[in-house]
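I have placed the structure first, in the form of structure tokens, so that the comments after it can refer back to it.
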Amino acid sequence: MPSNKSVSDAPITQFVNCRILRDHKLQREDLWVREGRILDPEKLFFDEQGYADKRVDCEGSIVAPGFIDVQINACLPPSGGYGIDFSQASDDVSSGISFVAKKILEHGVTSFCPTLVTSPPAVYHKVLPQVKAQNGGQHGAGVLGFHLEGPFISEEKKGAHPEQYLRTFRSGGIEDLAEAYGSLDNAAIVTLAPELESSQAAVKELCQRGITVSLGHSVANLSQAEEAVQNGASFITHLFNAMLPFHHRDPGIVGLLTSDKVPAGRTVYYGMIADGIHTNPAALRIAHRAHPSGLVLVTDAITAMGLPPGRHTLGQQVIEIHGLHAYVAGTKTLSGSIATMDMCVRHFKQASGCSVEEALAAASLHPAQLLGISHKKGNLDYGSDADLVLLDDALNVRSTYISGEEVWRKGSREKKSAV
Amino acid sequence: MKLIILNDYDQASEWAAKYIRNKILLFGPGPDKYFTLGLPTGSTPLGCYKKLIQYCKNGELSFQYVKTFNMDEYVGLPRDHPESYHSFMWNNFFKHIDIRAENTHILDGNAADLQAECDAFEKKIMDAGGIELFVGGIGPDGHIAFNEPGSSLVSRTRVKTLAKDTIMANARFFDGDLSKVPTMALTVGVGTVMDAKEVMILITGAHKAFALYKAIEDGVNHMWTVSAFQQHPQTVFVCDEDATLELRVKTVKYFKGMMHVHNKLVESLNSESKKK
């Protein structure tokens, strides 16, 4: 039988006829999976005298680690189609997140952080406990934890967030967090503005609890941003958007990309919405060239992803879709995006001129490193979770796998193809 | 001996691979009749391995009923070290073909009792019925496997300390750092290889030319251990032009003149002779 069972009875799958992304290079190698994890075939051969039970012919596809989207808004029903907004308080947040989790499999996303924009405390207190971090599977992409974008953000840079629910740190930081959010057990990322008084204490507290702190929707100058980084902040929410523009005498948050005050051994990552709308390609290139290893592709996708032009709700706001643009109704303020992750990967590659490997890393390895989960996600190293996306040379998604099982294939409708 | 001279490395590799392929196919291996093959490592056989992989992938050749015995392995190098011979065989051969792990045999350089490991290896060869075809290379100092100059020509599998020449030749695999190269290895003996039914030695490149000269145009000598095969009834030396640079013109002309006969050995076999 496939192995001498000295280590495991579980079936072994060998993905053949593919190019895998490993060690930052696309290589002609087979990919071996057992029990939902990437297996070392050499060890299997020599230690267990094992071989594969099942072969999957990838037909020359690129096999990359499944994409990870750390900023994706979504909606709760009822609007149908894609009308799911987590921020609308509802008793059935779980089904809303499930709907989105399933849909994004088509874009190669295997793990995500459902994002809540600024909302009243009642919403957070109700919604947060409802959804725990969970593994993905046939039912949809895995939930890594909420991304709480607000309410501790700058009024000047609120973007599409509802002004009436913005907050400041009145009680010195920690108590405000509890008051606003309730339990933070299911939170993975919090976006806040570090110029807010007493915010640094909150930064420290959140980091100590293992929550990634991101700077965004802010008018902070570079020193305020650097202080936050020194206190543990490690991410910038959609770089360039909702922050002060780069100025050569005070680069603001953008200056973190080349700051010399970042503690040794730490990296500041930054989210980019590479949809061709939120950021001019020239700006994208400047950021990428200044700090390529920190770039994290995010969709910041909203309700509208997949919905027709017209009016829809995001949180407490109404938005309008025109083509690929989404605006706060009646204004020219951009409101999230309707890009999909695979679209962002393609656009990023084309706009920056980077290699296929770099484009894929920006959607998989870098977000995993940001969240401190790169020991099991975001790469195809032995022992990592077998969350995969199979792509053609133009980086269109052919199929998506979670824990070694196919969960979506192009051409299938709602149900997945049998393997 | 048969001295097969091809124009360049690629042609020599291909000739050798075809020879091995035909030998296996003509043997007609099956579940009760395994073909036992001795195998080398190093840069010389890489082209030959690539060709064999090709024949396997296009269905011409199966390794399902082939047992392999490697010549040697470093002592003390972790098995998963990228330069171990286990890694070499996995990356350059085993992972691309349809061979089962239990049919491959490589000496364990990390065994608790090294000599016992060597003795066990000899026994495995014996239990498999001996080696049908042992493929090997030659070092710049004329050694076969790690039977360094001074090795007994009737030696068996044992621990050997590597000669300076060998360590220098292998340093290129260890970032050019002599101190990183292992100093000892387990190796089949000259006698072990001599026991094989047939021996094929691959020799390519000008840097091997002097060793080839010493091996076939000079006497049998334990300082040039490949010379022992002058006393084997079935030896084939496969070379490229550069490897013959130190031979006498007469030798080269004689054997080149026989290429049309020798090439029959590598002709494509028709489908009736293929494996069952």
Side-chain angles (χ1 to χ4, degrees), chain A residues 1-34 37-61 63 375 379-384 386 388 404, chain B residues 31 34 39 41 46 49-50 53-54 56-59 62-70 72-112 117 120-121 124 127-128 186:
Chain A
M1 268 329 286
S3 84
N4 62 13
K5 311 203 190 253
S6 58
V7 173
S8 163
D9 278 0
I12 297 163
T13 306
Q14 183 185 4
F15 291 81
V16 300
N17 197 7
C18 51
R19 286 160 289 155
I20 69 173
L21 180 62
R22 185 174 279 159
D23 295 332
H24 313 290
K25 285 192 311 279
L26 279 182
Q27 316 183 9
R28 269 235 155 248
E29 289 285 347
D30 294 344
L31 188 76
W32 296 65
V33 175
R34 177 166 65 185
R37 292 214 195 84
I38 316 271
L39 183 65
D40 181 347
E42 188 179 343
K43 260 200 159 76
L44 175 71
F45 188 83
F46 288 125
D47 282 342
E48 300 179 49
Q49 264 105 60
Y51 53 93
D53 287 79
K54 182 173 93 180
R55 286 212 165 129
V56 174
D57 185 350
C58 301
E59 294 164 348
S61 301
V63 178
H375 55 285
N379 56 64
L380 300 179
D381 298 343
Y382 302 137
S384 285
L388 318 168
Chain B
Y34 278 76
L39 292 176
T41 53
L46 283 175
Y49 282 134
K50 283 201 170 76
I53 290 166
Q54 198 187 307
C56 185
K57 284 198 164 42
N58 67 20
S62 166
F63 288 88
Q64 205 189 355
Y65 300 115
V66 173
K67 283 190 177 153
T68 65
F69 290 86
N70 264 69
D72 41 25
E73 173 62 283
Y74 289 115
V75 166
L77 204 60
R79 198 200 65 210
D80 57 4
H81 188 285
E83 293 304 326
S84 79
Y85 287 168
H86 280 80
S87 294
F88 178 97
M89 291 307 297
W90 167 254
N91 284 311
N92 293 305
F93 199 45
F94 296 151
K95 82 174 173 196
H96 305 281
I97 59 173
D98 64 341
I99 195 163
R100 291 284 157 90
E102 57 263 26
N103 293 330
T104 67
H105 304 275
I106 309 179
L107 286 155
D108 176 8
N110 294 298
E117 168 69 11
F121 198 74
K124 282 184 197 141
D127 291 344
L186 303 184

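- Taken from CD in A/Glu42 to NZ in B/Lys95, the straight-line distance is 8.0 Å, to the nearest 0.5 Å.
- At a heavy-atom cut-off of under 4.5 Å, chain A is reached by B/Thr104, B/Ile106 from residues 104-112 of chain B, listed in order of number.
- The heavy-atom pair separating A/Phe45 from B/Ala101 by the smallest distance is O-CB, 3.1 Å.
- Interface with chain A: from residues 76-89 of chain B, residues B/Arg79, B/Asp80, B/His86, B/Ser87 qualify, criterion being any non-hydrogen pair under 4.5 Å.
- Heavy-atom neighbours of A/His375 NE2 from other residues, nucleotides or ligands within 6.0 Å: above the threshold of 12.
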